[in-house]
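One structure is given here, and the rest of the page talks about it.
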Amino acid sequence: LIALTFDDGPRRSTTTRLLDGLSERGVKATFFLIGAQIENNGDVVRRMDEEGHQIGIHTFDHVKLTDLSRTDFDAQVETTRALLKSTLGHNDFLLRSPYGMLDESVKAWAGCPIILWSIDPEDWRDQNTDRVVREVVAGARDGGIILMHDIFPESVDAALQIVDQLHQQGYLFCTVDELFAARGLPLEAGEMYWNAYP
Ligand code: NI
């Protein structure tokens, strides 16, 4: 089992192509969304939800969550949560803090599990499809969480190639919730999770 996760979207062109490719392959992923990009992409976000993908919060406009006042934290996290709730009609979203930066306040105020990652190919760095595919496939491990960004065409290409190669190795892709549920590991609000290794 392995979880593909995507940060910094939605971006209509690339996210839509990714959703098409995941749908063709019967793969569910987890998307950590930027609040400011939700309003103009409500249909894309609803499609994610309807097709069984899991959705999380990645702040309203991609700021560090550390050293914020409660008011500023809520403007980033609670505003995005409210937007997602009004877009989707439910309210069970995970949190991934930008840059993985956390402090005690973030944990106390998150109000949901905080999901980090175990495999980071830094796909944003050179947007090199072949390198990203190689690094993720080499780093794949049962229970892993892969971090990518669905705002780059090269990352969409890489993600679909990764799915095809890991399928050949016998991996099953699942959402973060499904991954931890399969391992009998409860996800708790304010706690941090990097992987669900057996
Ligand atoms: Ni990010």
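Counting starts at 1 for both ligands and their atoms, following the listed order.
A salt bridge between Glu50 and Arg47 is absent, with no side-chain N of the basic residue lying under 4.0 Å from a carboxylate O of the acidic one. Comment: Asp157 engages Arg17 in a salt bridge, judged by a side-chain N to carboxylate O separation of less than 4.0 angstrom.
For His58, the N, O or S atom with the smallest separation from the Ni ion (ligand 1) is NE2. Counting just the N/O/S atoms of Asp8, the one with the shortest distance to the Ni ion (ligand 1) is named OD1.
Contact annotation: His62 places an N, O or S atom under 2.8 Å from the Ni ion (ligand 1). Checking Asp7 against the Ni ion (ligand 1), every N/O/S atom stays at or beyond the 2.8 Å cut-off.
Note: His167 and Phe173 have perpendicular aromatic rings, judged against thresholds of 30 and 60 degrees for the angle between ring planes.
Between the side chains of Thr14 and Asp150, not a single donor N or O lies within less than 3.5 Å of an accepting N or O.
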